[in-house]
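Both counts, for ligands and for their atoms, begin at 1 and track the order of listing.
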Amino acid sequence: MQCRACGNEERASEGYPCHGCGTFICQVCSMKGVTLCRRCAARNEVQAPWNG
Ligand SMILES: [Zn+2]
Ligand SMILES: [Zn+2]
């Protein structure tokens, strides 16, 4: 499957679902602390009252 955060093609069994929409996030991104796909991350930035 294609990681929706970095765009790399990775095994689905070695990734995690996006916390926002459940789409595939690869293990590499997850290890970097990425829990949201690009779309959800962008949306999350706009409406993050806890940020900062
Ligand atoms: Zn990735
Ligand atoms: Zn998402």
For the atom pair CE (Met31) and CD1 (Ile25), what is the distance rounded to the nearest 0.5 Å? 15.0 Å

Angle subtended at the Zn ion (ligand 1) by Cys29 SG and Cys26 SG, to the nearest 10 degrees, is 110°

Pull up every protein N/O/S atom sitting under 2.8 Å from the Zn ion (ligand 2), skipping waters. Cys18 SG, Cys21 SG, Cys37 SG, Cys40 SG

Distance-only donor-acceptor pairs under 3.5 Å for side chains of residues 1-23, two or more places apart:
from : atom 1 : to   : atom 2 : distance (Å)
Gln2 : OE1    : Arg4 : NH1    : 3.2
Gln2 : NE2    : Gly7 : O      : 3.1

Give me the other members of the hydrophobic cluster that Leu36 sits in, counting Ile, Leu, Val, Met, Phe, Trp and Tyr linked by side-chain heavy atoms under 4.5 Å, directly or via other members. none

